[in-house]
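Below is one structure, written out as structure tokens, with a few remarks after it.
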There are 2 protein chains.
Amino acid sequence: MARKKEVSAEQTQRNIIETAERLFMTHGYRAISTRRIAEECGITQPALYHHFPNKQAIYLEVVRSIMIQTEEAMAHVLQDHADSKDRIRQITYFMIMNHQGDMTQMFHDLQYEIDEEHRDTIQEWWMRSYFNPVMQTLTEGIAKGDILSIPSAPPMELTFFVLEMMKSFLPPSKQEHEARRSFADKKSKMLVDILFDGIRKK
Amino acid sequence: MARKKEVSAEQTQRNIIETAERLFMTHGYRAISTRRIAEECGITQPALYHHFPNKQAIYLEVVRSIMIQTEEAMAHVLQDHADSKDRIRQITYFMIMNHQGDMTQMFHDLQYEIDEEHRDTIQEWWMRSYFNPVMQTLTEGIAKGDILSIPSAPPMELTFFVLEMMKSFLPPSKQEHEARRSFADKKSKMLVDILFDGIRKK
DNA sequence: GAGTTAATTTATCAATTGATAAGTTATAAA
DNA sequence: TTTATAACTTATCAATTGATAAATTAACTC
């Protein structure tokens, strides 16, 4: 039967995932010990193993949580904005606002620290949450005639490129909310300005 | 007095640095143990400590070696090419050809794994080898009238942006030489095409 | 109130880590 | 030939790691 305790298991698990997200995404998988996570959650290290089978499972749940949030946000952007440039700017804005630390760290961990058996699942999540919405925006833009079909950059490669541009803007550490808002606003504009019109003087 | 042995101390040290570069730049500082480096060098782990005072010193020497090579290459590019677009393409080409693994890993390690006391020195190296040549190319391009002065992207921020674009193209692992050449050629062209003219259809 | 069980703690393990001490070998200078 | 020493190896250390076992606490059901 379900319990009603001061701190429910659900709350503890959410606490663990949120704490682990902050730590893993800033320092990387290897650099964060299970003791560190437990300490910052206010519990002891073996207590983690009541909620998750091992360290990797915590990491995977963190990644899953991030991807789900992203997928929802991306869907909203595509719903609320029709213009290609607006869409790219809004997606960039979301990523700067919500992805602390560098995401590159996450991709490195997924490639080198996480068991191969989970790669396919994660790649599927990533396609749904990150890749497809950006690719859709670009191909629709090309179809509508907003966006050039560049010979040296076919749609898939262009998508990777745009995602990498976005990643490169992520701030290294957590800022206070207002500073981050203004940073995200400035950088998302800069990205679309360069991406759409380039730096060449005509 | 200097010795003449079958394998000189100099050779061993170079071997250590080259091996450590490959391993550190692929897997990151924390993921590579001193035993792993020693093993792939064909020596025992304590032997490393005859040539370097500690693990961090090996890492710093790796970084120094990379930065020196880069500084030389950048100088050559600026000497041999006058056109802004050519310069950016050549710099991109060099980075793809010579930087294995992802460089973002290196920047993460420098920020989170290396003692603060070395940061200033490394930042100086980085400014000289990476930042200044690209910034010089861009500001000269603006002065010559090749490159737009974009309000949302002042020269310094534009430089960071371009460097991030280059970083994002680095292949995750070592390829064979010819495949890498063709990859570097393709990607460097793609980068300058987008960077200079953008993706907007006119 | 008794009993069950979820949630968590204390104690502990084996493996891996960076680093050091002490002994060994080979080369060059004397 | 002796000798000093650079370049190693073997043996070992204390600290940290992810993980498990066993004991403890608290809450809900009956």
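In what follows, chains are A, B, ... by sequence order, proteins preceding strands, each numbered from 1.
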_Separation of C:dT8 P from A:Glu10 CD (nearest whole Å)_ = 13 Å
*Under the ring-ring contact (aromatic ring centres under 6.0 Å, His included) rule, collect the residues that match up with B:Phe183, sequence neighbours excluded.*
none
*Under the ring-ring contact (aromatic ring centres under 6.0 Å, His included) rule, collect the residues that match up with A:Phe24, sequence neighbours excluded.*
A:Tyr29, A:Tyr59
*Determine, for nucleotides 17-24 of chain D in 5'-to-3' order, which nucleotides have protein heavy atoms under 4.0 Å from the base (write B), from only the sugar-phosphate (write S), or from neither (write -).*
BBBB----
_Check the orientation of B:Phe131 and B:Trp126. Use parallel for under 30°, tilted for 30 to 60°, and perpendicular for over 60°._
tilted
Side chains of residues 161-171 of chain A: which donor-acceptor partners sit under 3.5 Å, not counting sequence neighbours?
residue	atom	partner	partner atom	Å
A:Glu164	OE2	A:Lys167	NZ	3.3
A:Ser168	OG	A:Met165	O	2.7

_Is there a side-chain contact between A:Thr44 and the phosphate of C:dA7, meaning an N or O under 4.0 Å from OP1 or OP2?_
no
_For C:dT8 and A:His50 - does any side-chain N or O of the residue sit under 4.0 Å from the phosphate oxygens OP1/OP2?_
no
*asked:* My understanding is that only residues two or more places apart in sequence, or in another chain, count here; which of them pass ring-ring contact (aromatic ring centres under 6.0 Å, His included) with B:His27?
replied: A:Tyr112
*Contacts of B:Thr70 that satisfy side-chain hydrogen bond (donor to acceptor under 3.5 Å, both in side chains) - sequence neighbours left out*: B:Tyr130
*Please give, in whole Å, the distance from C:dT25 P to B:Ile43 CD1?*
19 Å
*Which whole-number value in Å describes the distance from B:Gln13 CD to D:dA6 P?*
13 Å
*Give the rounded distance in Å between these two atoms: CD of B:Gln11 and P of D:dC8.*
10 Å
*Could you pull out all residues at least two apart from B:Glu71 that satisfy side-chain contact (heavy atoms from CB on, under 4.5 Å)?*
B:Arg128, B:Ser129
*Give, ordered by number, those residues of residues 58-65 of chain B having at least one heavy-atom distance below 4.0 Å to an atom of DNA chain C; if nothing qualifies, reply none.*
none
_For B:Ser33, side-chain contact (heavy atoms from CB on, under 4.5 Å) partners two or more places apart_ = B:Arg35, B:Arg36
*Roughly how many Å is it from NE2 in A:His51 to P in C:dA6, rounded to a whole number?*
12 Å
